[in-house]
Each structure stands twice: as C-alpha cells, then as structure tokens.
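These notes concern the structure reproduced below.
All values reported here derive from a predicted model rather than from experimental measurement.
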Amino acid sequence: MLWAAGSFAARASLSACARAHHSVGVVGAPFWKGQPKDGVEKGPDFIRGAGLVEKLRKQGCTVKDYGNVTFQDVSNDSPVGKVQRPQTVGLANQRLADVVKAIKNDGYICVMLGGDHSLAIGSIVGHAAIKKDLSVVWVDAHADINTPLTTPTGNIHGQPMSFLIKELHCKMPVVPGLSWIKPCISANDLVYIGLRDVDPGEHYILKSLGIKAFSITEVDRLGIAKVMEQTCDHVFSRGKKPIHLSYDIDAIDPMVSPATGTPVVGGLTYREGIYITEVICQTDLLSALDMVEVNPKQAKTDDEIKSTVNAAVDVVLGCFGRVREGSHPPDYWMPHL
C-alpha cells in the first residue's frame, strides 16, 4: 500500500519527490491585524533571511520571489459585533488573493509566508480561483473555524475556515469588509492535523459537518505515519485534487517553535511536523502552501527565534523534496581512489 509506513512504495515515492523538479513562487504577506500581537509581520523577512530561497534552489527548485505584498490600514475600522478590524483584514486578503492568482497563473506552486493565519482567506480564495476544486490540509494547534457568532475573541485569525467552507455559508452573518468572500471549500475536502486547543463552538462545527480532524491525542494513538495514511485516503477518496497545505508554526511544540503568538504545549514533534510535509510532497499534488504565525517578537531569546524560523524553513523545504536520510556520506568517509 502506497502510504503504509516503511513500505517500499512509500520510500520509492519519497525518492521520486526528492528528484522531482518544482517551480516555486514565494510571496511574503507581512500582516498582523488578524490578531492582536504585532511582530508576526516580520515573519516573511526572517524566513527569507534564514536562506529559504537559496536552499530551495539547492534542492533543484526553480524559484521566483515575488517580494512582499503591501497592505494598507482602513481608518475607523470599528468592530462588527465581536469581529476585530474586519475592513483591514478583508482588504488585505483581497490584495493577497489577487497576488496568489497571479502566481498560480504563472505556473508556480505558491508559497505564502505570513503573517497571521487570517491570511489563509486570501491565499485559499486566490488559489481556488485558478484551481476550482481543492483539498485543504490544515496543520495547526487550533481549528480556526469559529464563526463571527461563536468567536470568543473576535480575532479573525481564529475564523478563516468558517468564511471558506460552503456548508457554513448559510450560518454566516454579513460582515462589512468580508462580504466579498465566496466559500470555495467543501467540508469533506478539509483535513486537520495536530489540534489541541479547540473552542466549544468549533467542536460543534467539526462534529456537525463531519470534518476529518486528527487531534494531537490521535497523533499519539495512531502515530504520524498512520495519520498521514488516513489523511491521504480521505483526501483521495474524492479524487486526486490539488492540495492547499496551510501550516501554522504553532502546530509544532513550543519547545521547538516558541516564537509564535498562541503557543500550546504538547504539540507535534519536529520529526512529526516534517514527516507531514514529506508525505504531502510524495502525493505530487501540492499546489499552494501557507507558512504562518512566526512571530520573532514573542521570543525570549535569539535562540528561540532561530529555532522557530529554522523549523519554518524546514517545513517549506520538506514540501519540495528535502530528504532527511542523507543520500551522500560525508567527505571524510569517502575512500581515496
């Protein structure tokens, strides 16, 4: 079976992924106003500064860096109900959606570096405008599926999926600034991995819509290989659709990735977090990636920044064929000929 842990087919597929040529379009989205903690807008430049583009090229990728999207504030952006900064967040996501559409039209796999997770609205809407039928794999400590009526905080980075799911459209109030969003994802085409901090309203939505979700407890019980086998089985049960991977760095345990706005203890290990990307790469269906919520300002030390940023870089590299097995021995091992 292709996704069986340790199977020859899975290893062969991973090797093929490592050899495959990938065309990658990178765009930074330095935006923080989907939540209250500034600093996350620095994420894109820190990730680039750790050598992401150069490392992708060394893996054999063709890379075009589209720079950073520019965003603007909206004056008098008052809350609508509990929803914070709806005009600013809505305008930012409209702008991002246009850029993602352009990147996809240029023929690249889009890598969006955030910024906070509210940006998934624009990233997925833009992606779906070009690839009409998507699967979404959402790797996160949080479900981010509160509606404007269930949100306890009003922060839109905790609500993006509710605006995107077709089955929730009739339950969503009209929010000025966000009413342009057209739901584009079916509940059956969404899989969550790594959940461990889910609000009561989100629990109800997940259960009532039958959304496939692997909590961190299920990762512990099944093991990450089985989780990914079941993820692929679920995604492929409705046909082999392009995959949008939306990856929040807080999915990985804060012992590894502490520089983020809403860390939750007991997360994915580094190895589990990277294994997810390796399996997504094996599918050869990755069409867009969000790497979000790296916030250097939330770190206590430079080492915490470095650890978080390096984990984010490794997540991206894993999506494009980086193999941890090491295909070449070190130079000192080589026999003298």
Side-chain angles (χ1 to χ4, degrees), residues 22 24-29 31 34-35 40 43-44 46-48 50 52 56 96 100 109-124 127 134-145 157-158 160-161 164 185 190-197 213-214 216 219 224 227-228 231-232 235 242-254 256-264 267-283 285-295 307-322:
H22 303 279
V24 183
V26 176
V27 63
F31 183 79
Q35 49 84 62
V40 73
F46 271 74
I47 294 170
R48 282 196 189 90
L52 174 66
L56 283 169
L96 178 60
V100 171
I109 299 172
C110 180
V111 174
M112 186 275 286
L113 307 176
D116 71 63
H117 218 163
S118 70
L119 294 163
I121 293 172
S123 183
I124 292 175
H127 189 188
L134 296 178
S135 295
V136 174
V137 178
W138 192 279
V139 183
D140 201 328
H142 311 88
D144 294 348
I145 201 171
H157 80 153
M161 278 311 309
L164 297 168
I185 302 298
L190 171 63
V191 180
Y192 284 101
I193 301 172
L195 298 181
R196 57 192 186 276
D197 185 11
F214 295 96
I216 201 68
V219 174
I224 194 63
V227 165
M228 292 311 297
T231 294
C232 290
V235 167
I243 293 174
H244 189 111
L245 176 60
S246 201
Y247 205 120
D248 189 321
I249 199 64
D250 73 22
I252 298 177
D253 192 85
V256 175
S257 301
T260 189
T262 51
V264 185
L268 297 168
T269 66
Y270 171 86
R271 296 202 310 269
E272 290 167 339
I274 300 303
Y275 184 81
I276 291 168
T277 70
E278 292 171 343
V279 174
I280 295 295
C281 180
Q282 290 172 40
T283 69
L285 291 170
L286 181 66
S287 184
L289 167 66
D290 307 326
M291 183 67 254
V292 298
E293 296 285 358
V294 171
N295 189 336
S307 179
T308 307
V309 170
N310 285 346
V313 170
D314 288 350
V315 164
V316 178
L317 297 179
C319 289
F320 297 103
R322 182 187 186 202

Just by modelled atom types, is the [Y] backbone N or O under 3.5 Å from a matching donor or acceptor in the [X] side chain?
X    : Y    : result
S123 : L119 : no
D116 : G34  : yes
T260 : I249 : no
D253 : G267 : yes
S307 : V256 : yes
S257 : P254 : no
D290 : V292 : no
Y192 : H142 : no

Is there a side-chain contact between [X] and [Y] (heavy atoms, below 4.5 Å)?
X    : Y    : value
Y247 : V316 : no
I243 : V136 : no
H22  : L286 : no
L268 : V139 : yes
I47  : V313 : yes
L245 : C319 : yes
L285 : P242 : no
L113 : L52  : yes

Between [atom1] on residue [X] and [atom2] on residue [Y], distance to nearest 0.5 Å:
X    : Y    : atom1 : atom2 : answer
I193 : D140 : CD1   : CG    : 11.0 Å
I224 : I276 : CD1   : CD1   : 4.0 Å
L164 : S246 : CG    : OG    : 9.0 Å
M291 : T277 : CE    : OG1   : 10.5 Å
L96  : I124 : CG    : CD1   : 10.5 Å
N295 : T308 : CG    : OG1   : 9.5 Å

Nearest heavy-atom pair of [X] and [Y]: which atoms, and what distance?
X    : Y    : value
P160 : A120 : CB-CB, 4.4 Å
L195 : A143 : CD2-N, 3.6 Å
F31  : S118 : CE2-OG, 3.9 Å

My understanding is that only residues two or more places apart in sequence, or in another chain, count here; which of them pass salt bridge (charged side-chain N to carboxylate O under 4.0 Å, His left out) with D314?
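Result, salt bridge (charged side-chain N to carboxylate O under 4.0 Å, His left out) vs D314: R322.
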
Return the set of residues passing side-chain hydrogen bond (donor to acceptor under 3.5 Å, both in side chains) with D144 (not counting sequence neighbours), or none when no residue passes.
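side-chain hydrogen bond (donor to acceptor under 3.5 Å, both in side chains) check on D144 returns H117.
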
Please enumerate all residues that pass side-chain hydrogen bond (donor to acceptor under 3.5 Å, both in side chains) together with S287, with sequence neighbours excluded.
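For S287 the side-chain hydrogen bond (donor to acceptor under 3.5 Å, both in side chains) partners, ignoring immediate neighbours, are K104, H127.
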
Trace of the side-chain contact (heavy atoms from CB on, under 4.5 Å) decision for M161 with I121:
CA-CA 7 Å; M161 278 311 309; I121 293 172; over 6 Å; no

Please walk me through it: do V294 and V40 pass side-chain contact (heavy atoms from CB on, under 4.5 Å)?
CA-CA 6 Å; V294 171; V40 73; 5.8 Å; no

Test side-chain contact (heavy atoms from CB on, under 4.5 Å) on V137 and I280 and set out the steps.
CA-CA 9 Å; V137 178; I280 295 295; 4.2 Å; yes

For C232 and T283: C-alpha separation, side-chain torsions, deciding distance, then whether side-chain contact (heavy atoms from CB on, under 4.5 Å) applies.
CA-CA 8 Å; C232 290; T283 69; 4.1 Å; yes

